[in-house]
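The block underneath contains the structure these notes are about, expressed in structure tokens.
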Amino acid sequence: TAKRNGRQRSVFYEAGLGDAAPERPDPAADLAAALDRGELTVAYQPLVDLRAGRAIGAEALVRWQHPVDGNRPPDTFIPLAEETGLIMEIGEFVLRDACWQAARWVQSSSDPTDLLVTVNLSARQVTDARTVEAVRAALADTGLEPHRLVLEITETVLMQDRDAAAANLNRLKALGVRIAIDDFGTGYSSLAYLCRFPLDMLKIAREFVDGLGRDANADVVTRAIVDLAGALGLRTVAEGVETGEQQQQLAELGCDLAQGYLFSRPVDAEKIMALIAGSDAEASTTGPTAGPPA
Ligand code: C2E
Ligand code: MG
Ligand code: MG
Ligand code: MG
């Protein structure tokens with residue numbers, strides 16, 4: 001065995017792969033090590049108020065800067081993190097960064113009234129009771145006012161583990177944070193959850209926004225979502241806005257907020273601070289086809 005060799009060997013060695021065998025990749029261990037080494041960072045994509053024509057906050061999006069592969073997109077490691085449970089640690093890291101950054105944006109802004117930051121919660125986080133304490137602690141330690149934190153969850157999560165999700169969402173709401181449905185209209189939607197859960201915001205999925213002006217059904221569905229949200233007292237955010245035509249149409253439909261490459265790709269927190277503080281005049285006009293000149 002490895003012990004008798006007097007060296008620490010992996011189980012793969014014991015399984016008889018021999019000295020020449022390359023280290024077998026262990027993606028879960030890689031990810032845990034990446035977190036420890038500080039390879040995970042948080043990027044922020046501006047949220048633009050379509051009426052005011054300015055950034056009022058941002059969505060936090062985790063990034064993995066791998067030393068060899070470069071940027072590894074979240075879709076390649078979030079599912080693994082979910083499976084292994086590491087998402088609890090990663091999620092807390094993102095949450096803390098987001099609260100800390102947003103607290104700084106508030107301080108740098110001359111009018112922070114509407115300022116907010118949104119953070120994605122995975123299924124596991126929504127149903128794990130420890131998330132409530134993690135959120136409470138992040139707010140307390142950073143001084144961010146709870147109403148400025150919006151937690152994004154997908155509708156599929158609400159359908160999967162309804163009771164645990166409802167219990168936690170109620171506790172989170174009691175802290176004063178807000179809840180958004182991410183990618184609205186693309187999960188196993190049941191409109192019943194709009195009555196059952198304490199929601200504040202609907203994020204209109206990119207695929208609907210994408211079809212605006214090109215696909216009559218996308219127009220109708222987007223309008224229906226905005227109207228439904230309005231009637232329920234929920235704010236709407238359009239995801240993946242890439243053209244001025246889409247921006248225009250969303251504004252006309254009465255959509256509240258938008259994010260997308262038209263305005264900005266996800267950037268680092270300093271850039272958001274500059275946008276919000278108004279020191280970056282060019283960017284604060286929200287892109288080439290932005291609304292009213294600053
Ligand atoms: P999401 O929460 O729906 O985030 C929006 C995704 O769309 C982001 O991809 C963003 O970069 C991208 N995007 C923004 N504007 C545009 C646009 O105009 N066009 C196009 N084509 N794409 C746009 P990203 O950062 O790769 O994240 C992918 C997904 O990974 C997220 O979808 C979210 O579900 C998940 N994710 C990201 N960060 C976290 C995190 O910290 N925790 C958890 N649990 N999930 C995360
Ligand atoms: Mg999101
Ligand atoms: Mg989304
Ligand atoms: Mg998504």
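First listed ligand is number 1; within each ligand, the first listed atom is number 1. Along the sequence shown, residues are numbered consecutively beginning with 1. Basis for what follows: all heavy atoms, side chains included, without hydrogens, waters or symmetry-related copies.
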Self-check item: Side-chain donor-acceptor contact under 3.5 Å, Q101 with R104
Solution: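 Distance-only check passes for Q101 and R104.
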Exercise. Using only heavy-atom distances, determine whether the side chains of N120 and E59 contain a donor-acceptor pair under 3.5 Å.
Key: yes
Quiz item: Between I181 and I153, does a side chain to side chain contact (heavy atoms under 4.5 Å, CB included) hold up when you go through it step by step?
Solution: CA-CA 5 Å; I181 301 296; I153 61 182; 4.1 Å; yes
Side chain, backbone, both or neither: the part of [X] lying under 4.0 Å from ligand 1 by heavy atom:
| X | value |
| --- | --- |
| P73 | neither |
| L61 | both |
| T154 | neither |
| K203 | neither |
| Q45 | side chain |
| V241 | backbone |
| E239 | side chain |

Quiz item: Pairs in or reaching into residues 23-80: which pass ring-ring contact (aromatic ring centres under 6.0 Å, His included), with residues at least two apart or in two chains?
Solution: Y44-W105, W64-H66, W64-F77
Quiz prompt | Metal check, the Mg ion (ligand 2) vs E152 N/O/S, cut-off below 2.8 Å | solution = yes
Quiz prompt | Atom name, D182 (N, O or S, nearest to the Mg ion (ligand 2)) | solution =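 Of all N, O or S atoms in D182, the Mg ion (ligand 2) lies closest to OD2.
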Self-check item: Name of whichever N/O/S atom of E59 is nearest to the Mg ion (ligand 2)
Solution: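 Nearest N/O/S atom: OE2.
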Quiz item: Which of these, A98, A43, P74, has its nearest heavy atom closest to atom 27 (O) of ligand 1?
Solution: P74
Self-check item: Side-chain cluster (under 4.5 Å, hydrophobic types only) that I56 belongs to, other residues
Solution: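 L47, L116, V150, M201, V237, L257, which link up through side-chain heavy atoms under 4.5 Å apart, make up the rest of the cluster.
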